[in-house]
J.: 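Once you've had a glance at the structure underneath, I'll fire off some questions.
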Amino acid sequence: MLPLLLILLTLARIHAHYTSGDVAYHPMPHFWTGVGFCPAGRIDHEGIEAALVSPALQMNLRQIAALPVGAVTHIRIHWLLELVQFRQYDANGIPIYDFTKFDDFIDFLHEELRLSPVLEWMGNLGGVFLENPMQMPFYWEHLVKTTINHQLARHGSARMSNWRYETWNEPDLRVYNKLNLTSQSYLDYVQAVRQGLSKAGNLDTYEGKVQLPMYRALRGPAGLFKSSDTHPLCWKLLEQCNEKVVYCPIDILTFHRKGIDGTATEIVNGSLSLMAKIYEDYPNLKSLPVANDEADPVAVWSTPREFQADVRYGITLISTVMEHWHAKLAGGPLGRLESISHDNAFLSYHPHEFTQRTLLAHFQMNETDPPHSQFIQKPVYAALGMLAKLGNRAADMELVNMDSKHSVEVLRTVSGGVGGPGQYMAAIFLSPEEAGPQRTAFHHKYTLNMSIANESAFITEILVPHTTDPYFVWQQAGSPAYPNATLREAMRRAQTPKLYETGPIWQYNSELVINSATLPLPWAVLLRVCSTAWPKLRRPQQLSIVEVTHREVFISWAEHPKSTQCLRTYEVWFKERDSKGPAADWQLISQDWHLPYPSFQYAPGDQGSVNGFYKVRGVNVFNETSPYSQIVEYLEL
Ligand SMILES: *[C@@H]1O[C@H](CO)[C@@H](O)[C@H](O)[C@H]1NC(C)=O
Ligand SMILES: *[C@@H]1O[C@H](CO)[C@@H](O)[C@H](O)[C@H]1NC(C)=O
Ligand SMILES: *[C@@H]1O[C@H](CO)[C@@H](O)[C@H](O)[C@H]1NC(C)=O
Ligand SMILES: *[C@@H]1O[C@H](CO)[C@@H](O)[C@H](O)[C@H]1NC(C)=O
Ligand SMILES: *[C@@H]1O[C@H](CO)[C@@H](O)[C@H](O)[C@H]1NC(C)=O
Ligand SMILES: *[C@@H]1O[C@H](CO)[C@@H](O)[C@H](O)[C@H]1NC(C)=O
Ligand SMILES: *[C@@H]1O[C@H](CO)[C@@H](O)[C@H](O)[C@H]1NC(C)=O
């Protein structure tokens, strides 16, 4: 036995002691990797286009896409379809659409961000649907079919295999129901969308090959499901589906349930009660998978809330995932949970840079010429990255009591080594937000059997108040609207999980002891253990350097899935382009930074230059480096 004491025991007595026993692991798809938002501004072709091409919004998305591979796979953007522009009717009265703007944005999503859209069939496309109320189903079917066929012709079906399609968002709400759909016209619309999806693709060829007919699942009704009097559209659809479930136009039942006061338990509890009610009234729907598209701690993204700025929101998001996993395993009303999504990809605005429900803090630097945007990753962003490191088999969530009312949530996962203990292990420990009596240190010891191999290495990273909290850093500096370069760097140093401890494990049956006595609440600990048999780090791909402002760039790259589970940090190297001749040496510009995620913002200041060559490589927990990425040159205009 080799006990690794992570936090030294002080004078205190240990109040609770948890030792992991044997647990059963179940296959766990990463079901929480969707995010969403609604673009600001007017809802028509010009308005949505202006919002989606704005440099601030695109940088926000670049940052989200620069999370560890697999952390975010899908993005749900309301009114995305408005990017398709209605041109005119042809001689037969069939609309002709222009897909230029839609294609541009989809290319940005696919090629630069490597994200798949959740395409909601909602919009009025230059008035087509309101002008033709009697033929609305025909026009919807045509639009759906035309849009899919157009994309198939451009990308082929393989590139679109991860796309998700959904019906109109929250159709019972007047703000969304711009077509004034009634119960009957809504049902017709859903059937028409289903028809369009089914008819698309079958007769088309791509690069000379006939496309195989592929079934495209339809999600819906993306409803809030308040009372059936106030939300008749969504309830009517369920009623109809229950009568003849084989003819039900939707394949995955989607709903929106948020918390009330911001806790994960409320989200899960609300979803359990809703699904229990749905199954009671419509038992045939038990055959459909279900998804909560907007599983957020509290409604209205733009309302500033302190907890959304700091570590607490990160902890809540992780807890939301763990509790959904527990509910899914339990096999009750959430037994068929397919996914949850977080509605937190919004662009925050002054003076709520940190406190709105977003993944990043957004500073509009109006005093520079031209103005530009600066982004700081919030702890909830770091939390999504930590979740990406979980394995693909997981035990049920375990609870370790802290006191009579509070407990630590533990989720243990493994990957590889079928049947055995696995070649990779990742566990998240999550403290409660508080425990009584306030501020007394809690003396808890968690002992984990890390037996995965004789030769392995471990790493622990933490999210903890103040230390990994850029909001705190900003407040300490007086919360300036335009944080200067020094403050921005200080915030960025606090934006990743903190490396806590790492090292080799030489013996089978090693034990890891985490003692949370000295960590302020609330905290999250991610522990990873890698055996030498786990795939080695591959070279980083698709290195991209994007301007933030003069003498400042955002550098990001793509990770190879799997090989980065055992990553410790990245190194970013730069070689200045010297106009005088032979270039200078390569410099490690990320010296002293802990960079567990694939991005780095480089701001060398007034004396430095960003013009030159860049390359990056990863370092794993065994201190082995990956090959360097390709070298990319950047030149300021
Ligand atoms: C939809 O209904 C609202 C309220 O009844 C009305 O003000 C609006 O003009 C209608 N919109 C359309 C496009 O018919
Ligand atoms: C769970 O939800 C039900 C129904 O919405 C509510 O009555 C109950 O108090 C909730 N329980 C918790 C612990 O939030
Ligand atoms: C740790 O796990 C291994 C493999 O599952 C088992 O053989 C060993 O007895 C365990 N050790 C402890 C201290 O529980
Ligand atoms: C691990 O090491 C121990 C002692 O060093 C040895 O007895 C055992 O066979 C090794 N196990 C494996 C799986 O290599
Ligand atoms: C940057 O801002 C911080 C906090 O607002 C301030 O303390 C510091 O003096 C500023 N530094 C420079 C170089 O202006
Ligand atoms: C910067 O400009 C934007 C757009 O004009 C405005 O909304 C925002 O409030 C300004 N920021 C500050 C700190 O004044
Ligand atoms: C890797 O290097 C770090 C820092 O030098 C050291 O603390 C750690 O023990 C090393 N890890 C391994 C597996 O040797």
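In each ligand, atom 1 is the first atom listed, and ligand 1 is the first ligand listed.
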J.: Taking the inter-plane angle between the rings of Phe354 and Tyr471 on a 0 to 90° scale, is it parallel (under 30°), tilted (30 to 60°) or perpendicular (over 60°)?
T.: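 Phe354 vs Tyr471 ring planes: tilted.
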J.: Write out the residue and atom name of the closest protein heavy atom to atom 5 (O) of ligand 5, then the distance separating them to 0.1 Å.
T.: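 For atom 5 (O) of ligand 5, the nearest protein heavy atom is Ala477 O, 3.6 Å.
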J.: Using 0.5 Å steps for rounding, measure from the CG atom of Leu387 to the CG atom of Leu526.
T.: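 CG of Leu526 is found 9.0 Å from CG of Leu387.
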J.: Which of the atoms of ligand 7 are close to Val621, meaning less than 4.0 Å from one of its heavy atoms?
T.: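 Taking each heavy atom of Val621 in turn, ligand 7 has 11 (N), 12 (C), 13 (C) under 4.0 Å.
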J.: Of all the non-hydrogen atoms in the protein, which one sits nearest to atom 6 (C) of ligand 5, and at what distance?
T.: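 Going atom by atom, the protein heavy atom closest to atom 6 (C) of ligand 5 ends up being Asn484 ND2, 4.1 Å.
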J.: Under 4.0 Å from atom 2 (O) of ligand 7, do we find at least one protein heavy atom?
T.: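 True for atom 2 (O) of ligand 7.
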J.: Where is the nearest protein heavy atom to atom 4 (C) of ligand 7: which residue, which atom, and how far?
T.: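 Checking every protein heavy atom, the shortest distance to atom 4 (C) of ligand 7 gives Asn623 ND2, 4.6 Å.
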J.: What is the closest protein heavy atom to atom 7 (O) of ligand 7, and at what distance does it sit?
T.: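 Looking at atom 7 (O) of ligand 7, the protein heavy atom closest to it is Thr502 O, 4.2 Å.
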J.: By number and element, which atoms of ligand 7 are closer than 4.0 Å to a non-hydrogen atom of Pro504?
T.: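 Heavy-atom distances to Pro504 below 4.0 Å select 9 (O), 12 (C), 13 (C).
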J.: Tyr424 ring centre to Lys389 NZ or CZ under 6.0 Å, with the angle to the axis within 45°?
T.: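 No, Lys389 and Tyr424 do not form such a contact.
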J.: Does the side chain of Arg492 pick up a donor-acceptor pair with the side chain of Gln374 at under 3.5 Å?
T.: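 Their side chains do contain a donor-acceptor pair, which is all the 3.5 Å distance test asks for.
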J.: Could you check, using the six-membered ring where one of them is a Trp, whether Phe129 and Trp140 have ring centers closer than 6.0 angstrom?
T.: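 For Phe129 and Trp140, the ring centres are under 6.0 Å apart.
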J.: For ligand 1, which atoms sit closer than 4.0 Å to a heavy atom of Leu130?
T.: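 Those of ligand 1 that fall under 4.0 Å from Leu130 are 13 (C).
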J.: Which heavy atom of the protein is the closest neighbour of atom 11 (N) of ligand 1, given with residue, atom name and distance?
T.: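 Going by distance alone, atom 11 (N) of ligand 1 is nearest to Asn180 ND2, 2.9 Å.
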J.: Rounded to the nearest 0.5 Å, how far does CH2 of Trp79 lie from CG of Leu52?
T.: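 Atom-to-atom, Leu52:CG and Trp79:CH2 are 13.5 Å apart.
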J.: I'd like to know if atom 14 (O) of ligand 5 has any protein heavy atom within a distance of less than 4.0 Å.
T.: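 Protein heavy atom within 4.0 Å of atom 14 (O) of ligand 5: present.
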J.: Any protein heavy atom sitting closer than 4.0 Å to atom 9 (O) of ligand 1?
T.: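 Looking at atom 9 (O) of ligand 1, one finds that no protein heavy atom lies closer than 4.0 Å.
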J.: Out of curiosity, Leu347 CG to Met59 CE, how far, rounded to the nearest 0.5 Å?
T.: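 That separation rounds to 12.0 Å.
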J.: If we only count N/O pairs under 3.5 Å, is Arg568 in contact with ligand 7?
T.: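 Such a contact does not occur with ligand 7.
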J.: Does atom NZ (Lys145) have a neighbourhood of more than 12 heavy atoms from anything else shown, all under 6.0 Å?
T.: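 Count not over threshold, so no.
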